[in-house]
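Order of the sequence lines sets the chain letters (A, B, ...), proteins ahead of strands, with each chain counted from 1. Every value quoted in this text rests on a predicted model; they were computed, and no experiment measured them.
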2 protein chains.
Amino acid sequence: MAYRRSDIVERAVALLDQYGLSSLSMRRLGADLGVQPSALYHHFENKQTLLAAVADEILRRGRRPRTGTGWEESVTETCVELRDAMLAYPDGAELVATVFAFGLGAAGPAREIESTLTEAGFEPGLARTATRTVLHFVFGHTTDAQTHLQAGSVGAIGDEPRQGDDFDLGLGLILTGLRTSAAGPVSARP
Amino acid sequence: MAYRRSDIVERAVALLDQYGLSSLSMRRLGADLGVQPSALYHHFENKQTLLAAVADEILRRGRRPRTGTGWEESVTETCVELRDAMLAYPDGAELVATVFAFGLGAAGPAREIESTLTEAGFEPGLARTATRTVLHFVFGHTTDAQTHLQAGSVGAIGDEPRQGDDFDLGLGLILTGLRTSAAGPVSARP
DNA sequence: ACCTGAACACCGTTCAAGT
DNA sequence: ACCTGAACACCGTTCAAGT
């Protein structure tokens, strides 16, 4: 017998997939594996660490080959991949956003976007701020979208139309701002 | 005796101020008021509703007179007021962001920004998307900043300098994007 | 109307002890 | 190394009953 970390993470992802984040407790996961909850603490320091591993697994499963050429295309590709990976599991956005905020995982997309911008010639400070601004948007928008999607599937009529367009438009706003800012100090133009 | 809603909210804000969001439980709040936890359910439908009232109270306490003239100044003023109001209480950003995401409160800033943009002549769809993009940024950035501030006060060295500059820069990126987008379709320019 | 008391169905985490 | 069993210190919420 003897479970490995990856077995536990896999079972945790399956639990998340079926019942959502609120059912992903150490006790339920233990019961699901046929083990005492305390046994999980031999594999993970605490629940946050386990959730970080689950978030990373979700992002890994959503990986796609890169095809874009310019920095705007590349950043958009990373953001769309991130969004889709999170949307593939109930409460995925909330989970990944929380893990990222705690600095325990989900750092791949940030590294990718930041290096894309740096290599495109943006100065490091701007690249860093732009990366975080873009990620705040992706996490915020996707959490909203998923909340509305899940609320709709439970009963409500769904008061919010157009999901995809809104994502592209919001992201475009930030990338346009970045393109414009990079041309020189904003305050110097009329 | 007999508590009113406002008494309970006031005590809840004090608890949040002293011990943070994780200590703001129905049981602790009840004990603090010298009442059974179940008594709170006569005044609030559930914990989420109570937290929404707490969030609204925090925003109310942070209100400032408006002085700006142009739409960029106005939106920036609203965002800075929102950020400062959340920073005034431990875990304030997390609390307000959660309440807003659930659609249970904290809707004032959104209404304010959206009407500012609409009155400035942006078409309704763009005004709505831009408003949400801006709010995702403010919530995300302020949650990050507060997490780092609180982590720093507990022990860590604090690996992140410059808070205020970063906020202005990120917000400026979005507002610049909005100003640029409004001039015409982005794809039509070289 | 407002509150008590007790219960229901849970949590995360620790730790001595077993194999 | 990996897991059990039991405990500690909690949660949100419901509901009959009291005043």
Side-chain angles (χ1 to χ4, degrees), chain A residues 1-16 18-55 90-91 94-95 98-99 101-105 147 150-151 154-155, chain B residues 1-16 18-55 90-91 94-95 98-99 101-105 147 150-151 154-155:
Chain A
M1 299 302 181
Y3 288 113
R4 292 162 309 171
R5 264 178 82 101
S6 57
D7 297 326
I8 296 171
V9 170
E10 205 156 337
R11 204 76 209 92
V13 172
L15 257 178
L16 175 72
Q18 274 195 58
Y19 306 107
L21 191 57
S22 66
S23 295
L24 192 45
S25 68
M26 299 301 266
R27 288 168 178 273
R28 274 189 75 137
L29 179 56
D32 206 77
L33 289 161
V35 107
Q36 293 287 330
S38 52
L40 299 172
Y41 289 86
H42 253 273
H43 301 274
F44 298 91
E45 212 183 302
N46 49 40
K47 192 186 180 182
Q48 280 300 324
T49 312
L50 189 147
L51 290 182
V54 172
D91 306 313
E94 193 190 331
L95 169 63
T98 303
V99 165
F102 273 62
L104 292 172
T147 299
Q150 290 174 177
V154 171
Chain B
M1 300 302 181
Y3 288 113
R4 291 161 307 170
R5 265 177 83 101
S6 58
D7 297 326
I8 297 171
V9 170
E10 204 157 337
R11 205 76 209 92
V13 172
L15 258 177
L16 175 72
Q18 273 196 58
Y19 306 107
L21 192 57
S22 66
S23 295
L24 191 46
S25 68
M26 299 300 267
R27 287 169 178 274
R28 274 189 75 137
L29 179 56
D32 206 77
L33 290 161
V35 108
Q36 293 287 330
S38 51
L40 300 173
Y41 290 86
H42 253 273
H43 301 275
F44 298 92
E45 213 184 300
N46 49 40
K47 193 186 180 182
Q48 280 301 325
T49 312
L50 188 147
L51 290 181
V54 172
D91 306 312
E94 193 190 331
L95 169 64
T98 302
V99 164
F102 274 62
L104 290 172
T147 299
Q150 289 174 177
V154 171

Any A/Gln36 side-chain N or O less than 4.0 Å from OP1/OP2 of D/dC3: no

Can you tell me if B/His43 touches the phosphate of C/dC3, counting only side-chain N or O atoms and a distance under 4.0 Å to OP1 or OP2? yes

Send over the distance from [X] [atom1] to [N] [atom2], rounded to a whole Å.
X       : N      : atom1 : atom2 : value
B/Phe44 : C/dC2  : CZ    : P     : 12 Å
A/Leu29 : C/dC10 : CG    : C1'   : 16 Å
B/Arg28 : D/dG12 : CZ    : C1'   : 16 Å

Would you mind telling me which of C/dG12, D/dC3, C/dC3 lies closest to the side-chain atoms of A/Ser25? C/dG12

Of the listed nucleotides D/dT4, D/dC2, C/dC3, the one nearest the side chain of B/Val35: C/dC3

Do B/Arg28 and B/Tyr19 form a cation-pi contact, if we require the NZ or CZ to be under 6.0 Å from the six-membered ring centre and within 45 degrees of the ring's axis? yes

Is a side-chain donor or acceptor of B/Tyr3 paired with a backbone partner of B/Leu33 at a separation under 3.5 angstrom? yes

Would you find a donor on one side and an acceptor on the other, under 3.5 Å apart, between the side chain of A/Asn46 and the backbone of A/Thr49? yes

Who does D/dC10 pair with, Watson-Crick or G-U, both distances under 3.5 Å? none

Mind checking who C/dT4 pairs with, Watson-Crick or G-U wobble, both distances under 3.5 Å? D/dA16

Walk me through it: do B/Leu50 and B/Met26 pass the test side-chain contact (heavy atoms from CB on, under 4.5 Å)? CA-CA 9 Å; B/Leu50 188 147; B/Met26 299 300 267; 4.3 Å; yes

Hey, what are the protein-to-nucleotides 13-15 of chain C N/O distances that come in under 3.5 Å?
{"from": "C/dT13", "atom 1": "OP2", "to": "A/Tyr41", "atom 2": "OH", "distance (Å)": "2.7"}
{"from": "C/dT13", "atom 1": "OP2", "to": "A/Lys47", "atom 2": "N", "distance (Å)": "3.0"}
{"from": "C/dT13", "atom 1": "O5'", "to": "A/Tyr41", "atom 2": "OH", "distance (Å)": "3.3"}

Work out which heavy atom in B/Ala53 is nearest to a heavy atom in B/Val9; give both atom names and the distance. CB-CG2, 3.7 Å

Flag yes if more than 12 heavy atoms outside B/Phe102 fall under 6.0 Å of its CZ atom; otherwise flag no. no

Using the C1' atom in both, what is the distance from D/dC15 to C/dC2, to the nearest Å? 15 Å

Same-atom distance (C1') from D/dA9 to C/dC10, integer angstrom: 14 Å

